[in-house]
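Heads up, the thing below is written out as structure tokens.
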Amino acid sequence: LLILLEGNPLENIRISFDKEGSMLGYFFKVLHKADVIKSEKKNTELWLEKYFDYQNRKTKTSTPFTRPMAHEYLTRDTPLKGKTTIDTSDLEEFKIKNNLK
């Protein structure tokens, strides 16, 4: 993930997220809110579709993100139900390292 956040391209690689897609979408929403990702959310939607798969909770299989699904998670106003287990505590260090405000 840091490779992508630092602006380096990935070639012929998909990242498989081992949790539900809603968690990953929420994480990227947090990254936008923290100004770690400065591009428009529509670009992040395309990025999720191009590089990421998630664990489908019903079928327990790796499933590609679709752009409509990514859009829903990045723009939803309601928080996730339950507790998110994605640790974002090191975002401040990343922001300082990369001169982000």
Side-chain angles (χ1 to χ4, degrees):
L1 181 59
L2 285 176
I3 291 169
L4 288 171
L5 288 175
E6 290 173 348
N8 299 313
L10 295 178
E11 305 265 341
N12 300 318
I13 293 176
R14 289 196 64 83
I15 298 168
S16 187
F17 185 68
D18 68 353
K19 301 275 185 191
E20 295 175 22
S22 59
M23 270 187 134
L24 186 60
Y26 174 78
F27 179 67
F28 277 95
K29 184 175 181 174
V30 169
L31 292 175
H32 270 280
K33 193 172 185 175
D35 285 331
V36 172
I37 298 176
K38 300 236 182 240
S39 69
E40 295 182 35
K41 287 184 180 176
K42 67 180 180 178
N43 293 331
T44 303
E45 293 168 11
L46 292 170
W47 199 50
L48 282 167
E49 183 178 50
K50 182 175 181 179
Y51 292 115
F52 287 90
D53 296 336
Y54 66 94
Q55 183 73 27
N56 185 305
R57 74 169 177 236
K58 292 180 183 175
T59 63
K60 305 296 184 207
T61 59
S62 184
T63 305
F65 257 91
T66 63
R67 190 163 180 206
M69 175 188 284
H71 177 78
E72 176 189 339
Y73 294 140
L74 289 171
T75 59
R76 76 184 330 161
D77 291 328
T78 56
L80 289 178
K81 293 180 181 177
K83 182 182 174 187
T84 174
T85 57
I86 299 173
D87 180 11
T88 60
S89 62
D90 59 347
L91 284 180
E92 278 306 311
E93 182 180 330
F94 178 83
K95 287 169 67 175
I96 290 167
K97 177 183 169 191
N98 291 284
N99 295 321
L100 300 173
K101 293 183 180 188

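The basis for the numbers below is simple: all heavy atoms, side chains too, and nothing from hydrogens, waters or symmetry mates. Keep in mind it's a predicted model, so treat the numbers as computed, not measured.
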Aromatic contact, Y54 with Y73 (centres under 6.0 Å):
no

Between L46 and L31, is there a shared hydrophobic cluster once you connect ILVMFWY residues whose side-chain heavy atoms come closer than 4.5 Å?
no

Rounded to the nearest 0.5 Å, what's the gap from OG1 on T63 to CZ on F52? Could you check?
15.0 Å

For the residue pair W47 and F28, establish whether any side-chain heavy-atom pair is separated by less than 4.5 Å.
yes

N43 side, atom CG; L74 side, atom CG - distance, nearest 0.5 Å:
11.0 Å

Rounded distance [0.5 Å steps], CD in E49 versus CE in M69:
11.0 Å

Please tell me if the side chains of K60 and Q55 come closer than 4.5 Å, counting only heavy atoms from C-beta onward.
yes

At what distance, to the nearest 0.5 angstrom, does OG1 of T44 lie from NE2 of H32?
2.5 Å

Partner residues of K42 under the side chain to side chain contact (heavy atoms under 4.5 Å, CB included) criterion, sequence neighbours left out
E40, E45, R67

Residue pair L48 / F65: nearest heavy atoms and the distance that separates them:
O-CB, 3.6 Å

